[in-house]
**Q** 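Pasting in a structure now, in structure tokens, and then I'll have a few things to ask.
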Amino acid sequence: MFFLLFYSLLATSKPLELSTISDELLINEQLNILQDPSANLSFEHALDQYNTGKFTKNANGKASFGFTHDVIWASVLINNSSVKSIKKVLYLDSAWLDSADFYFIRQNEVVEKAFIGDTIPFSARKNPTRMLSQQYTFKTGTTQVLMRFESKDPLLIPLFLSSEEVIQSNLIASSYFYGFLYGAFFILLVYNIALSISLKNSSYIYYSLYLLSFLSFNIAYTGHGFKFIWPSSVLVQQWAMIFFLYCYFIFGIAFCFEFLKLKLFLPKIYNVKKWIYAGLIALAGTLFLSGEQLLITKVAIILTSFLVIIFLSLGFLALKNGHEMVKFFIPAAFMGAGGAAISAVTTWGYIPYNTLLFHSIEVGMLIEMSILALALAFNLKEMDNARIIAEVNAQVDYLTQLYNRRAFTDVTMPQWHLGIREKKNSSLILLDIDFFKKINDDYGHAAGDEVLKGIAFTLKQKIRKSDVLARWGGEEFIIFLPSTNKAAAIKLANVMRKKIEKMLILHDGNSLKITASFGVAESNERSNKLEDLIKLADIALYKAKNSGRNRVCDIQETTEVKAGQEENNIHSLR
């Protein structure tokens, strides 16, 4: 009877020869599988089912059984034809199985057994690998390995026959990869948190939460969390991955809405965003309260699979409505959410298991992170340019493109104080267009604007780089001339006056002749305020206009004492 049973064991499946195995081999194709819908089958009954041929060959190398309440029993025969014992490791590329039970059988007797999985604290594992693994020394002859797998998460059992050396080598390689991945995510996370605080921009806030959610989810599902952060908490291990997956989806939607500026480009969708957020949170809350872990995970992976469709659909709609930044968002979303979708359908079992496909969410998110970092940097540059333009516009007169009154004071003050320290005289020219009101009245304000632009252009051609030219207000212009005496300032003013006199402004078929009056003032040892110099130039301008216009006037120092009296009369002539 014993020989019949042993013969049946050998006949059921062709043994896997250890001498022909490379350092590491995915052995799912060599497995014989039995699905137990009742989840109550004992080891003895499972072995009996195997011996009576109830197990079926896993010919297509299936590794994912999706969302199921079934228990998966798997068997593989391993033969060691050498005279020496060979130590190998059965390694599962999965960190979230509730239970993975291993029975090592020789001559129809269990010689060793081990029970591992998420229902046992990580600190209690004999083999402290992130992913589930079981070490065994195969003696000469054939050994049957009968395994029982169960999970409330997607049942994924990519099974490798490996060695300690290969696992150690893979561990070093994965440490470099995850070190780079987590380091890059952490740096980007801190950078975006700093930006969100300083700029008060919701795009950066939600992107930070989106990154944090993915980082936390990845730490949970790769086993890093169970190994390094909560090794004694089975409860956290069972729920952390699902919780962070929902956070990843919700904050991904929120980031998408803000980054794409749906308020501007897709207002109808933006107006219902509160209902969308409320619906997602209510759905997640209801599912978690139900306690049905398999259902909760199933819904989470369905939502994650649709994330790429949501991102791309909204992205193309925003692009159609003129949002330029979407050119960054669409390829980023395709890589990031697309990688998540591929990992999801691999986990689900809709496409055959492949290590690269299974980890495509990490590769995709790494590429997405790089593209979005570029996009956010570009957005920051655009914001900075807008700020600079706003600052420039606040200092520049929009019509003449000269400094305005405020900017004139800001730009002139450093040179004014330098002149005082070095005891160098400075001069100032104040000019006013003659009969400007009549031009506006007779030809319209458009004609007046052309006159102002024409004079601004003429004045710019005659000043030095160190001089400061500004539109002082209305039809008045002001020029500060550092290290310039009054005689040189009067000479320059006359050059400008003659140039303006020769100007011909064409507007709507009309030729407009214009003139301007100039007032010149020079600083002296008693002048320590720029405002005083401007007042003197204003008095000189009053004198020029009162003396017949189209001329250059200055004032004597004795006139300063009358400045307060004459200033009250200036505006009555304009």
**Q** Just jot down the ring-ring contact (aromatic ring centres under 6.0 Å, His included) partners of F306, sequence neighbours excluded, or say none.
**A**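 Scan of F306 (ring-ring contact (aromatic ring centres under 6.0 Å, His included), adjacent residues dropped) gives none.
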**Q** Restricting to side-chain contact (heavy atoms from CB on, under 4.5 Å), what partner residues turn up for S213, sequence neighbours left out?
**A**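 Partners of S213 by the side-chain contact (heavy atoms from CB on, under 4.5 Å) criterion, ordered by chain and then number, come out as C247, Y248, F251.
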**Q** Do the ring planes of H323 and F265 sit parallel (below 30°), tilted (30 to 60°) or perpendicular (above 60°)?
**A**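 Answer is parallel, since the angle falls under 30°.
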**Q** If you take all heavy atoms of S64 and L156, which pair is closest and at what distance?
**A**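 Result for this residue pair: CB-CD1, 3.4 Å.
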**Q** Give me the atom names and distance for the closest heavy-atom approach of Q238 to Q293.
**A**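 Answer, listing the atom of Q238 first, then Q293: O-NE2, 3.1 Å.
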**Q** Would you check if there is a donor-acceptor pair between the side chains of Y178 and N218 at a distance under 3.5 Å?
**A**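 Distance-only check fails for N218 and Y178.
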**Q** Tell me whether N271 contacts the main-chain N or O of I269 through its side chain, where contact means a donor paired with an acceptor under 3.5 Å.
**A**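 Checked: no pair found.
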**Q** Does any N or O in the side chain of N404 come within less than 3.5 Å of the main-chain N or O of D397, such that one atom is a donor and the other an acceptor?
**A**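 A pair under 3.5 Å: no.
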**Q** Could you check whether F102 and Y136 have their ring centres less than 6.0 Å apart?
**A**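 Between F102 and Y136, which both carry aromatic rings, the centre distance is not below 6.0 Å.
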**Q** Report the C-alpha distance between E292 and L287 in whole Å, list the side-chain angles of each, state the deciding distance to 0.1 Å, and finish with yes or no for side chain to side chain contact (heavy atoms under 4.5 Å, CB included).
**A** CA-CA 7 Å; E292 291 289 335; L287 288 169; over 6 Å; no
**Q** Within the distance-only criterion (no hydrogens, no angle test), does the side chain of S174 pair as donor or acceptor with the backbone N or O of L171 below 3.5 angstrom?
**A**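 Checking the backbone N and O of L171 against the side chain of S174, a donor-acceptor pair under 3.5 Å is found.
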**Q** Ignoring hydrogens, what is the shortest heavy-atom contact between P154 and T347? Give both atom names and the distance.
**A**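 Residues P154 and T347, closest heavy atoms: CB-CG2, 3.2 Å.
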**Q** Heavy-atom count check: over 12 atoms from other residues, nucleotides or ligands less than 6.0 Å from F186 CZ?
**A**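 No, the 6.0 Å shell around CZ holds no more than 12 heavy atoms from other groups.
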**Q** Set out, in order, the CA-CA distance, both residues' side-chain angles and the distance that settles side chain to side chain contact (heavy atoms under 4.5 Å, CB included) for L132 and R125, then state yes or no.
**A** CA-CA 9 Å; L132 298 171; R125 289 186 185 178; 3.1 Å; yes
**Q** Would you check, one step at a time, whether the test side chain to side chain contact (heavy atoms under 4.5 Å, CB included) holds for L77 with Q144?
**A** CA-CA 4 Å; L77 297 179; Q144 179 188 11; 3.5 Å; yes
**Q** Which pairs, with at least one residue in residues 18-40 and sequence neighbours excluded, count as a ring pair (Phe, Tyr, Trp, His ring centres under 6.0 Å)?
**A**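 Checked against ring pair (Phe, Tyr, Trp, His ring centres under 6.0 Å) - neighbours excluded - no pair reaches residues 18-40.
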**Q** Should we say atom OH of Y403 is surrounded by more than 12 heavy atoms from elsewhere, each under 6.0 Å from it?
**A**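 It does not: Y403 OH has 12 such atoms or fewer within range.
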**Q** Which class fits the ring pair F138 and F104: parallel under 30°, tilted 30 to 60°, perpendicular over 60°?
**A**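 Rings of F138 and F104: perpendicular, as their planes differ by over 60°.
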**Q** Step through the shown structure and confirm whether more than 12 heavy atoms of other residues, nucleotides or ligands are within 6.0 Å of NZ on K227.
**A**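 Result for NZ/K227: enclosed.
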**Q** Tell me which pairs pass ring pair (Phe, Tyr, Trp, His ring centres under 6.0 Å) where either residue lies in residues 140-163, with sequence neighbours left out.
**A**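 Pairs touching residues 140-163 that pass the test: none.
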**Q** Less than 4.5 Å apart, side chain to side chain, heavy atoms only: is that true for I250 and F255?
**A**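 Side chain of I250 against side chain of F255, heavy atoms only: no contact under 4.5 Å found.
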**Q** Suppose we screen for side chain to side chain donor-acceptor pair (under 3.5 Å). Which residues come up paired with H417, at least two apart in sequence or across chains?
**A**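 With neighbours one apart ignored, the set is empty.
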**Q** Who passes salt bridge (charged side-chain N to carboxylate O under 4.0 Å, His left out) against E362, sequence neighbours left out?
**A**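 Once residues adjacent in sequence are excluded, E362 has no partner under the salt bridge (charged side-chain N to carboxylate O under 4.0 Å, His left out) criterion.
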**Q** Does the side chain of E368 pick up a donor-acceptor pair with the side chain of Y210 at under 3.5 Å?
**A**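 Judged by distance alone, the side chains do pair up.
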**Q** The criterion is ring-ring contact (aromatic ring centres under 6.0 Å, His included); which residues satisfy it with F115, sequence neighbours excluded?
**A**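 Applying ring-ring contact (aromatic ring centres under 6.0 Å, His included) to F115 gives Y103.
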**Q** When you compare the side chain of N32 with that of V76, does any pair of heavy atoms fall below 4.5 Å?
**A**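 Sidechains of N32 and V76: no contact.
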**Q** Do you know the tightest heavy-atom contact between S151 and L294?
**A**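 Shortest heavy-atom separation between S151 and L294 comes out as O-CD1, 4.5 Å.
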**Q** Tell me the closest heavy-atom pair linking L307 and A337, and the distance in Å.
**A**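 In this case the closest contact between L307 and A337 is C-CB, 4.0 Å.
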**Q** How about E24 and S163: does a side-chain donor come under 3.5 Å of a side-chain acceptor?
**A**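 Absent: no donor and acceptor within the cut-off.
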**Q** Determine whether a donor-acceptor pair (N or O, by modelled atom type, separation under 3.5 Å) exists between the side chain of S360 and the backbone of G339.
**A**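 Checked: pair present.
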**Q** Applying ring-ring contact (aromatic ring centres under 6.0 Å, His included), name anything that partners F408, two or more places apart in sequence or on another chain.
**A**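 Scan of F408 (ring-ring contact (aromatic ring centres under 6.0 Å, His included), adjacent residues dropped) gives W472.
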**Q** Check K273 with E258, please: is the shortest side-chain N to carboxylate O separation under 4.0 Å?
**A**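 So E258 pairs with K273 through a salt bridge.
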**Q** Given F226, which of F122, W96, Y221, W239 fulfils the ring pair (Phe, Tyr, Trp, His ring centres under 6.0 Å) condition?
**A**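 Single pass found, and it is F122.
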**Q** Tell me if the centroids of the rings in F259 and F329 come within less than 6.0 Å of each other.
**A**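 Yes.
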**Q** Whether the T137 and S85 side chains hold a donor-acceptor pair (N or O, under 3.5 Å, no angle test) is what I'd like checked.
**A**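 There is no such pair between these side chains.
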**Q** Report the residues that fulfil ring-ring contact (aromatic ring centres under 6.0 Å, His included) with F243, sequence neighbours left out, ordered by chain and then residue number.
**A**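 For F243 there are no ring-ring contact (aromatic ring centres under 6.0 Å, His included) partners, ignoring immediate neighbours.
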**Q** Start with the C-alpha distance between I351 and I342, add both sets of side-chain angles, then the distance that settles side chain to side chain contact (heavy atoms under 4.5 Å, CB included), and finish with yes or no.
**A** CA-CA 9 Å; I351 57 178; I342 292 172; 4.3 Å; yes
**Q** Quick one: closest heavy-atom pair of D23 and K88, and the distance?
**A**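 Smallest interatomic distance, heavy atoms only, reads O-NZ, 4.2 Å.
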**Q** Which residues satisfy the side chain to side chain donor-acceptor pair (under 3.5 Å) test with T346, sequence neighbours excluded?
**A**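 Residues passing side chain to side chain donor-acceptor pair (under 3.5 Å) with T346: none at all.
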**Q** Rounded to the nearest 0.5 Å, how far apart are CG of L314 and CD1 of I330?
**A**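 One gets 10.5 Å once the value is rounded to the nearest 0.5 Å.
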**Q** What I want to check is whether the side chains of D93 and Y353 have a donor and an acceptor closer together than 3.5 Å.
**A**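 The criterion, which ignores hydrogens and geometry beyond distance, is satisfied for Y353 and D93.
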**Q** Is there a donor in the side chain of S82 and an acceptor in the side chain of N80, or the other way round, less than 3.5 Å apart?
**A**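 The answer is yes; a qualifying pair exists.
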**Q** Could you check whether any side-chain N or O of N60 sits under 3.5 Å from a backbone N or O of K62, counting only pairs where one atom can act as donor and the other as acceptor?
**A**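 Yes; judged by distance alone, with no hydrogens or angles, the pair exists.
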**Q** List for me each residue that meets side chain to side chain donor-acceptor pair (under 3.5 Å) alongside S19, sequence neighbours excluded, and say none if there are none.
**A**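 By the side chain to side chain donor-acceptor pair (under 3.5 Å) rule, S19 matches E17.
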**Q** With sequence neighbours left out, write down each residue that passes side chain to side chain donor-acceptor pair (under 3.5 Å) with S169, or none if nothing qualifies.
**A**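 Residues passing side chain to side chain donor-acceptor pair (under 3.5 Å) with S169: none at all.
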